[in-house]
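Step one of this worksheet: look at the structure below.
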Amino acid sequence: MKKIYIKLFAICFAITLLGGCTDGFEEMNENPNEPTDVPAEFLLTGAQKRLSDRLYATSANGSFGMVFAQYWSQNEYTEESRYQLRANDNDAFWSDFYTAINNLNEIIRLNEDNELGAQGQNQVAVARIMKAWAYQVLTDIYGDVPYKDAGRGFIDATFKPKYEKQSEIYPLMLAELQTAIGQLDASKPTFGSADIIYSG
């Protein structure tokens, strides 16, 4: 009886093993929800939404800005009323802003890798303007922040970006804005409806 069970097990195992192998196995296991190439339009929408959600959320504008200015007061979570930022809110603010900046850097890279047409130049200009705004908010809140080296952490996990002085960041942002203004061509398209702030 034991030998019959062993033979049955071996037959079932062989059928399972042979039935599990199929042509096109690699294509079947590709994740359609994890694209390798993201269009610039999606990157802009993501960056704009992330920046707006984080800056105008209650955790940032209410708990930080309104309480620090003493327009509001807290009775349940009183850390900000005592000028103590909760680490998770502060970390989320920092992380969301730099994630959005990485998206904007990727828009610039995607357009500079291709031959820049008028639409590509406009996309780069819009990304530069958004980037300058994001850095202006960051440096107004935190003072010295990573600027020139920011975004390289996704390429090199051990990289520690250099912090620029706030006094050096403002002229860099103004230069970035001047370059963006020179690139803009109002007669050509940019991002169309993917631009959720100005709709293109």
Side-chain angles (χ1 to χ4, degrees), residues 33-57 59-61 64 89-157 159-200:
N33 298 319
E34 190 176 329
T36 54
D37 298 319
V38 181
E41 290 80 7
F42 295 160
L43 291 169
L44 181 78
T45 303
Q48 287 180 334
K49 179 147 180 25
R50 187 176 291 266
L51 290 170
S52 299
D53 284 354
R54 182 52 60 192
L55 187 60
Y56 300 111
S59 62
N61 205 26
F64 298 169
D89 286 341
N90 193 39
D91 291 347
F93 190 92
W94 179 272
S95 175
D96 280 349
F97 262 70
Y98 274 104
T99 300
I101 288 168
N102 286 332
N103 282 2
L104 298 167
N105 283 335
E106 182 66 8
I107 291 169
I108 294 168
R109 188 194 67 75
L110 285 171
N111 280 293
E112 289 179 347
D113 283 353
N114 300 324
E115 289 184 22
L116 278 178
Q119 182 174 4
Q121 287 179 345
N122 278 347
Q123 287 187 354
V124 169
V126 168
R128 283 186 164 148
I129 291 166
M130 289 292 303
K131 218 168 82 164
W133 174 64
Y135 277 119
Q136 181 257 316
V137 170
L138 281 171
T139 194
D140 281 355
I141 293 172
Y142 296 106
D144 301 349
V145 295
Y147 186 84
K148 293 177 190 168
D149 288 344
R152 292 196 37 219
F154 288 103
I155 300 164
D156 178 6
F159 178 72
K160 298 201 174 19
K162 176 182 172 258
Y163 280 57
E164 262 78 36
K165 293 182 185 289
Q166 188 180 43
S167 59
E168 295 170 5
I169 292 172
Y170 283 111
L172 292 170
M173 285 189 307
L174 290 173
E176 187 84 19
L177 287 171
Q178 288 299 323
T179 303
I181 289 167
Q183 278 186 305
L184 280 174
D185 182 351
S187 66
K188 303 294 182 200
T190 55
F191 289 97
S193 61
D195 177 358
I196 59 174
I197 295 175
Y198 293 111
S199 297

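If you're wondering where the values come from, they're calculated on a predicted model, not measured in any experiment.
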> side chain to side chain contact (heavy atoms under 4.5 Å, CB included) between Val137 and Asp140: does it pass, once the steps are laid out?
Replying inline: CA-CA 5 Å; Val137 170; Asp140 281 355; 5.8 Å; no
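- In summary, of the residues considered (Lys162, Glu168, Glu164, Lys131), a side chain to side chain contact (heavy atoms under 4.5 Å, CB included) with Tyr147 occurs for Glu164 alone.
- Looking only at distances, a side-chain donor or acceptor of Ser52 sits under 3.5 Å from a matching main-chain atom of Gln48.
- A donor-acceptor contact shorter than 3.5 Å is absent between the side chain of Ser95 and the backbone of Asp91.
- Across Asp144 and Lys165, no two heavy atoms sit closer than the pair OD1-CA, 3.3 Å.
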> Given the rule in the side chain to side chain contact (heavy atoms under 4.5 Å, CB included) test, do Tyr135 and Leu172 qualify, once you have shown the distances and angles that lead to the verdict?
Replying inline: CA-CA 10 Å; Tyr135 277 119; Leu172 292 170; over 6 Å; no
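- Scanning all heavy atoms of the two residues, the minimum distance from Leu184 to Ala125 falls at CD2-CB, 3.6 Å.
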>> I'd like to know whether Leu110 forms a side chain to side chain contact (heavy atoms under 4.5 Å, CB included) with Leu43, so could you lay out the CA-CA distance, the side-chain angles of the two residues, the decisive distance to 0.1 Å, and finally the verdict.
In response: CA-CA 11 Å; Leu110 285 171; Leu43 291 169; 3.8 Å; yes
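- Here the side chain of Asn122 pairs a donor or acceptor atom with the backbone of Asp185 at under 3.5 angstrom.
- Ile129 contributes atom CD1, which lies 9.0 Å from atom OH of Tyr198 (distance to the nearest 0.5 angstrom).
- Screening Phe93, Tyr163, Phe97 for a side chain to side chain contact (heavy atoms under 4.5 Å, CB included) with Tyr142, the sole residue that qualifies is Phe93.
- Inter-residue side-chain proximity for Ile169 and Leu138 is flagged as unmet; no heavy-atom pair is nearer than 4.5 Å.
- Minimum heavy-atom separation, Arg128 to Ala180: CB-CB, 3.9 Å.
- Atom CG in Leu44 sits 8.5 Å away from atom CD in Glu41 (nearest 0.5 Å).
- Note that NZ of Lys49 and CZ of Arg54 are 11.0 Å apart. Values are rounded to the nearest 0.5 Å.
- A donor-acceptor contact closer than 3.5 angstrom is absent between the side chains of Glu106 and Asn102.
- Tyr98 places a side-chain N or O within donor-acceptor distance of the main-chain N or O of Pro146, the cut-off being under 3.5 Å.
- Taking all atoms of both residues into account, the shortest heavy-atom contact from Thr45 to Ala194 is OG1-O, 2.6 Å.
- Atom CG of Asp195 sits about 10.5 Å away from atom CD of Gln123, to the nearest 0.5 Å.
- Of all heavy-atom pairs spanning Leu51 and Ala134, the tightest one is CD2-CB, 4.0 Å.
- Taken from CD1 in Ile141 to CH2 in Trp94, the straight-line distance is 10.0 Å, to the nearest 0.5 Å.
- Shortest non-hydrogen contact noted between Gly46 and Asn103 is C-ND2, 4.1 Å.
- Taking CG from Leu174 and CD from Gln136, the interatomic distance works out to 10.0 Å, rounded to the nearest 0.5 Å.
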